[in-house]
Amino acid sequence: MNTNYDYRNPIIEQRADPWVYKHEDGYYYFTGSVPEYDRIEVRRATTIEGLAEADPVTVWKKYESGPLSANIWAPEIHFINNKWYIYFAAAGTTETTDGLFDHRMFALECDAENPLEGSWMEKGQVKTKWETFCLDATSFEHLGEQYYVWAQKDPEIKGNSNLYISKMENPWTLTGDQVMITTPEYEWEKIGYLVNEGAAVLKRNGKIFMTYSGSATDHNYCMGMLHADESSDLLDPASWKKSDVPVFQTSERNGQYGPGHNSFTVSEDGEKDVLIYHGRSYKEIEGDPLYDPNRHTRAKVIEWGEDGFPVFGEPKPDA
């Protein structure tokens with residue numbers, strides 16, 4: 001068991017948008033974007049570093065044509081109401097229109113105890129109030145309500161994506177208000193593209209912390225953070241306060257570039273919160289950064305400040 005909390009990075013090579021969930025069965029479940037963007041894999045291990053050696057199981061493959069045929073991005077695995085769910089984004093083409101892909105969000109369901117062995121059923125598109133580019137859905141429970149957070153293009157707002165929150169009627173259907181809680185406004189969120197995406201939620205110290213990523217997917221990619229009091233109305237944009245500076249970003253001295261699109265898990269002994277994220281070990285990229293495969297999954301223990309806020313520090317050098 002890792003009790004010194006010093007994880008060896010990278011954890012898994014060539015897996016971007018990493019999602020790690022520690023289940024009550026003692027296993028860590030992992031999924032993320034594969035470089036081919038053509039399938040969804042899940043693996044599990046009893047330790048975070050053990051995920052590197054775990055055999056990935058392909059639970060779903062893209063279609064040859066149609067809205068689920070291209071750029072399968074950023075799957076997340078969740079356990080809700082005693083069933084497993086995977087949220088992911090898919091497109092009908094790799095082409096862009098006005099600089100935007102045509103992704104929509106979808107859900108898969110599995111009722112097996114072990115999601116690596118069960119069958120996964122398509123629950124269809126997770127519909128929002130617009131039929132526009134959207135992706136990077138996550139979900140969390142709070143005070144008996146299930147919430148869904150995602151990134152989407154509002155036709156009336158300049159840029160690629162803002163973050164929205166909604167309650168859920170069930171794990172694949174939104175209900176009630178759909179509210180924007182952040183849009184790119186600071187310079188560090190607007191380099192290359194105006195992007196807020198990749199949300200992840202951590203509840204601690206009477207607050208709900210929500211990290212997200214901003215800017216293009218090269219060395220400018222970085223993490224921002226929102227927070228809300230746990231007793232506040234999470235569907236009121238005024239409940240969410242936003243950091244005006246990145247909370248996690250490129251470290252030239254440690255050779256770590258474009259860290260972001262994170263998830264949260266806990267250490268093997270349950271004592272520490274752990275940041276799971278992707279990043280590159282080099283700055284110069286040939287061609288489109290989206291098709292550079294070397295965003296590797298990494299892990300870092302989170303410290304907590306006296307103010308009750310997470311301290312992410314800077315990305316560690318590779319071991």
Side-chain angles (χ1 to χ4, degrees), residues 1-11 17-24 26 28-30 46-49 51 76 78-79 138-143 147 149 163 165 181-182 186 188-189 196-214 221-234 239-251 253-254 256 258-279 297-319:
M1 180 175 288
N2 186 333
T3 53
N4 65 357
Y5 312 118
D6 189 19
Y7 297 106
R8 275 178 72 89
N9 284 333
I11 302 292
D17 314 322
W19 185 264
V20 174
Y21 163 67
K22 190 178 186 183
H23 192 45
E24 57 198 15
Y28 290 93
Y29 289 84
F30 173 86
T46 54
T47 65
I48 291 173
E49 289 185 355
L51 290 167
E76 292 190 6
H78 293 261
F79 192 71
T138 194
S139 185
F140 69 100
E141 181 276 334
H142 187 58
L143 300 179
Y147 291 88
V149 178
L163 287 188
I165 188 170
I181 52 176
T182 172
Y186 300 114
W188 53 269
E189 302 175 288
N196 283 174
E197 65 181 19
V201 171
L202 181 61
K203 298 199 293 182
R204 290 286 182 271
N205 304 330
K207 292 184 171 59
I208 298 176
F209 298 100
M210 185 187 298
T211 53
Y212 64 92
S213 295
Y221 205 58
C222 60
M223 274 169 48
M225 188 173 75
L226 306 163
H227 74 273
D229 287 332
E230 65 180 5
S231 60
S232 64
D233 177 3
L234 302 186
S239 297
W240 295 94
K241 306 294 187 281
K242 180 175 174 176
S243 172
D244 59 1
V245 295
V247 294
F248 200 58
Q249 59 188 320
T250 287
S251 172
R253 69 174 183 169
N254 288 344
Q256 299 292 308
H261 204 122
N262 72 289
S263 57
F264 296 110
T265 190
V266 293
S267 58
E268 286 77 359
D269 61 6
E271 294 296 313
K272 294 283 187 177
D273 292 300
V274 180
L275 175 72
I276 304 290
Y277 63 98
H278 74 225
T297 295
R298 297 179 157 87
K300 186 180 188 296
V301 168
I302 300 166
E303 303 298 338
W304 290 90
E306 291 183 2
D307 58 0
F309 280 65
V311 178
F312 298 107
E314 61 182 326
K316 301 188 311 178
D318 287 350

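It should be emphasised that the depicted structure is a prediction, and the values quoted were computed from it without experimental measurement.
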Please name all residues satisfying side chain to side chain contact (heavy atoms under 4.5 Å, CB included) with Asn205, sequence neighbours left out, ordered by chain then number. Trp304
Should Phe312 and Thr211 be marked as a side-chain contact (heavy atoms from CB on, under 4.5 Å) after you check the CA-CA gap, both sets of side-chain angles, and the distance that decides it? CA-CA 11 Å; Phe312 298 107; Thr211 53; 3.9 Å; yes
Criterion side-chain contact (heavy atoms from CB on, under 4.5 Å) against Tyr5, the qualifying member of Ile302, Asp269, Val274: Asp269
With no hydrogens and no angle check, is any side-chain donor or acceptor of His278 less than 3.5 Å from a backbone partner on Asp17? yes
I need the Phe264 CZ to Lys203 NZ distance, nearest 0.5 Å. 13.5 Å
For the residue pair His78 and Thr138, establish whether any side-chain heavy-atom pair is separated by less than 4.5 Å. yes
Hey, mind stepping through Val20 and Tyr29 against side-chain contact (heavy atoms from CB on, under 4.5 Å) and telling me if it holds? CA-CA 6 Å; Val20 174; Tyr29 289 84; over 6 Å; no
Below 4.5 Å, heavy atoms only, C-beta onward: do Val311 and Glu306 meet side chain to side chain? no
Who are the side-chain hydrogen bond (donor to acceptor under 3.5 Å, both in side chains) partners of Lys316, not counting sequence neighbours? Asp6
So do Ile276 and Pro18 actually touch side chain to side chain, heavy atoms under 4.5 Å? yes
Counterpart residues, salt bridge (charged side-chain N to carboxylate O under 4.0 Å, His left out), relative to Glu197 (two or more places apart): none
Where Ala199 and Glu76 come nearest, the two heavy atoms and their spacing: O-OE2, 4.0 Å
Any Glu303 side-chain heavy atom under 4.5 Å of Lys272 side chain: yes
Going by the rule side chain to side chain contact (heavy atoms under 4.5 Å, CB included), which residues pair with Asp233 if we only count those two or more places apart in sequence or in a different chain? Leu235, Asp236, Ser239
Rounded to the nearest 0.5 Å, what separation is found between the CG atom of Leu234 and the CH2 atom of Trp240? 5.0 Å
Can Phe309 and Phe209 be said to form a ring-ring contact (aromatic ring centres under 6.0 Å, His included), step by step? CA-CA 8 Å; Phe309 280 65; Phe209 298 100; 5.2 Å; yes
Between Asp229 and Ser231, is any side-chain donor less than 3.5 angstrom from a side-chain acceptor? no
Distance only, no hydrogens: is a donor on one side chain within 3.5 Å (strictly under) of an acceptor on the other, for Gln256 and Tyr277? no
Set out, in order, the CA-CA distance, both residues' side-chain angles and the distance that settles side-chain contact (heavy atoms from CB on, under 4.5 Å) for Asp244 and Tyr186, then state yes or no. CA-CA 7 Å; Asp244 59 1; Tyr186 300 114; 3.5 Å; yes
Only counting residues at least two apart or in another chain, list the ones meeting salt bridge (charged side-chain N to carboxylate O under 4.0 Å, His left out) with Glu230. none
To the closest 0.5 Å, what do you measure between CD1 (Ile208) and OG (Ser232)? 6.5 Å
Kindly say whether Gly258 contributes a backbone atom to a donor-acceptor pair with the side chain of Thr250 at under 3.5 angstrom? yes
Counting C-beta onward and ignoring hydrogens, is there a side-chain heavy-atom pair between Val201 and Tyr147 closer than 4.5 Å? no
Kindly indicate whether the side chain of Ile11, heavy atoms from C-beta on, has any atom under 4.5 Å from the side chain of Glu49. yes
Centroid separation under 6.0 Å, is that true for the rings of His142 and Phe140? no
Residues Thr265 and Lys22: side-chain donor-acceptor under 3.5 angstrom: no
Minimum heavy-atom separation for Trp188 and Ser243, please, with both atom names. CZ2-O, 3.7 Å
Which is it for Arg204 and Asp273 under the side-chain contact (heavy atoms from CB on, under 4.5 Å) test, yes or no, and what are the steps along the way? CA-CA 10 Å; Arg204 290 286 182 271; Asp273 292 300; 2.6 Å; yes
Aromatic ring centroids of Phe79 and His23 under 6.0 Å? yes
Hits for side chain to side chain contact (heavy atoms under 4.5 Å, CB included) against Gln249, two or more places apart or cross-chain, chain-then-number order -> Cys222, Pro246
Is there a donor-acceptor contact under 3.5 Å linking the side chains of Tyr212 and Asn262? no
Using the rule given for side-chain hydrogen bond (donor to acceptor under 3.5 Å, both in side chains), can you reason through Glu268 versus Thr47, listing the C-alpha separation, both sets of side-chain angles and the distance that settles it, and then say yes or no? CA-CA 6 Å; Glu268 286 77 359; Thr47 65; 4.7 Å; no
Using a strict 4.0 Å threshold on nitrogen-to-oxygen distance, state whether Glu314 and Lys300 make a salt bridge. no
Do Asp318 and Arg298 have side chains that approach each other closer than 4.5 Å (heavy atoms only, starting at C-beta)? yes
Is there a side-chain contact between Val301 and Tyr7, using heavy atoms and a 4.5 Å cut-off? yes
